[in-house]
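Read the structure below first, then the notes.
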Amino acid sequence: MTSSAVHAVLGYVVGRISDLPTVGPRVAIDGPDGAGKTHFADQLAAVLESRNRPVARVSIDDFHNVRALRYRQGRDSPMGFFEDSYNYDRFRNDVLEPFGPGGSRQFRRASYSHATDEILVPAFETADPASILIVDGIFLQRAELSANWDITVFLDVDFTETAGRMALRDGTSPDPDHPSMHRYIEGQREYFRHAHPQQRATILIDNNNVHAPRIIRG
């Protein structure tokens, strides 16, 4: 059951989206790994659809680079995690540009197979001209992407909390200071230093308690 606090925060974000002058805006749900981005984006999409607003849901995790590129700076490299995780050219061409002003709304939902480590070129899908694009993922306010969003939501969660959630989800260490977590935690801190996503987000939400999120700024 969704709590009243979650309902309130989702309602606020929906209101901000509805106030945008853009038809079919592009919405980023940003935050550290384990912040609850995918779940929040799915909930947001469900609320919008319940109000008869068409939605296209995409995750940047379906636009990873192949492993050889992701680990070319070393399996433990934080800079490799920050710089080489995603294929931003494909993501812009296949998702952001089709949903931009005057875009075709013909988009691809993925460019990579996690199961086979292969590049994908799936058939185009055609979204409703008024579709709201909702994308979840890390690093969404990088320089390569930041100008393409009409609204950005950042879910702010402490690394001590996200590490615990990732441990339950992925079987990783619950200790953010564990050596096995160095690549991921420090790579995300690199993102914070470069992009300042908390400060630049349209809406900043404290999501340390997923049942009681709190709008910090918006």
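Hydrogens, waters and symmetry mates are skipped; everything else that's a heavy atom, side chains included, is used. Nothing here was measured: the structure is a model prediction, and the numbers come from that model.
- Within the 3.5 Å criterion, the main-chain N or O of G24 finds no donor-acceptor partner in the side chain of T22.
- Using a 4.0 Å cut-off between charged nitrogen and carboxylate oxygen, R26 and D150 count as a salt-bridge pair.
- A side-chain donor-acceptor contact under 3.5 Å links K37 to the backbone of P32.
- One hydrophobic cluster, built from ILVMFWY side chains closer than 4.5 Å, cannot hold both Y112 and F81; they sit in different ones.
- Contact annotation: the side chain of P122 never approaches that of R109 to less than 4.5 Å [non-hydrogen atoms, C-beta and beyond].
- Salt bridge present: R165 and E161 bring a charged side-chain N and a carboxylate O closer than 4.0 Å.
- Taking CD from E118 and OG from S111, the interatomic distance works out to 12.5 Å, rounded to the nearest 0.5 Å.
- Screening F63, F107, F99 for a ring pair (Phe, Tyr, Trp, His ring centres under 6.0 Å) with F91, the sole residue that qualifies is F63.
- Residues forming a side chain to side chain donor-acceptor pair (under 3.5 Å) with S146 (at least two apart in sequence, or on another chain): R200.
- For the pair R169 and D33, the salt-bridge criterion is met [side-chain N within less than 4.0 Å of a carboxylate O].
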So Q106 and E125, side-chain contact (heavy atoms from CB on, under 4.5 Å) or not? Walk me through it. CA-CA 5 Å; Q106 291 187 322; E125 300 178 46; over 6 Å; no
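- Between D76 and R183, none of the side-chain N atoms (NZ, or NE/NH1/NH2) sits under 4.0 Å from a carboxylate O, so this pair counts as no salt bridge.
- The hydrophobic cluster containing L145 also contains V95, counting ILVMFWY residues as joined when their side-chain heavy atoms lie under 4.5 angstrom apart, directly or transitively.
- Note that R108 lies in the cation-pi zone of F124, set by a 6.0 Å cut-off to the ring centre and a 45° limit from the axis.
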Take Y191 and D30 through the side-chain contact (heavy atoms from CB on, under 4.5 Å) test and state the conclusion after the steps. CA-CA 11 Å; Y191 170 54; D30 191 14; 2.6 Å; yes
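- By the ring-ring contact (aromatic ring centres under 6.0 Å, His included) test, F192 pairs with F159, sequence neighbours left out.
- Counting only residues at least two apart or in different chains, salt bridge (Lys or Arg N to Asp or Glu O under 4.0 Å) contacts with residues 203-216 comprise D206-R214.
- A heavy-atom distance below 4.5 Å is not found between the side chains of D128 and R105.
- Taking the charged nitrogens against the carboxylate oxygens, R57 and D136 do have a contact shorter than 4.0 Å, which makes a salt bridge.
- Listed by chain and residue number, F139, H194 satisfy the ring-ring contact (aromatic ring centres under 6.0 Å, His included) test with F82 (two or more places apart in sequence, or in another chain).
- Closest approach of G31 and F154 over heavy atoms only: CA-CE1, 3.6 Å.
- Considering all non-hydrogen atoms of both residues, N207 and A35 come closest at ND2-O, 2.7 Å.
- Taking CG of L204 as the reference point, atom CD of Q198 lies at 7.0 Å (rounded to 0.5 Å).
- A donor-acceptor pair is defined here as one N or O able to donate and one able to accept, closer than 3.5 Å; no such pair exists between the side chain of R217 and the backbone of T202.
- Side chain of Q188 to main chain of Y184: a donor-acceptor pair is present (N/O by atom type, distance under 3.5 Å, no hydrogens or angles).
- Cluster membership check: Y86 does not share its hydrophobic cluster with L120, using side-chain heavy-atom separations under 4.5 Å among Ile, Leu, Val, Met, Phe, Trp and Tyr.
- Looking at every heavy atom in both residues, S173 comes nearest to S180 through CB-OG, 3.9 Å.
- Summarising the geometry of M181 relative to P176, their closest heavy-atom pair is CB-O, 3.7 Å, with the distance given to 0.1 Å.
- Note: L69 CG to E83 CD = 12.5 Å, rounded to the nearest 0.5 Å.
- Without hydrogens or angle criteria, D175 side chain to D177 main chain gives a donor-acceptor distance under 3.5 Å.
- In the hydrophobic cluster analysis, where Ile, Leu, Val, Met, Phe, Trp and Tyr join through side-chain heavy atoms closer than 4.5 angstrom, V66 is grouped apart from Y71.
- Residue I29 belongs to a hydrophobic cluster whose other members are V6, V9, L10, Y12, V13, V14, I17, L20, V27, F40, L44, V47, L48, V55, I132, I134, I151, V153, L155, I203, I205, I215, with links defined by side-chain heavy atoms closer than 4.5 Å.
- Of the possible donor and acceptor atoms, one in the side chain of W149 sits under 3.5 Å from a partner among the backbone N and O of L140.
- Residues N52 and E49 have side chains not in contact (no heavy-atom distance under 4.5 Å, counting atoms from C-beta outward).
- Ion pair D84/R72 flagged as a salt bridge, since at least one NZ, NE, NH1 or NH2 atom sits closer than 4.0 Å to an Asp/Glu carboxylate oxygen.
- Remark: V23 pairs with A130 by the side chain to side chain contact (heavy atoms under 4.5 Å, CB included) rule, at least two apart or across chains.
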Carefully, step by step, assess H64 and N87 under the rule side-chain contact (heavy atoms from CB on, under 4.5 Å). CA-CA 6 Å; H64 269 99; N87 187 336; over 6 Å; no
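- Here the side chain of S131 pairs no donor or acceptor atom with the backbone of A56 at under 3.5 angstrom.
- Contact record, A212 with A5: CA-CB, 3.8 Å, taken as the closest heavy-atom pair.
- Within the 4.5 Å cutoff, no side-chain heavy atoms of H178 are placed close to those of I185.
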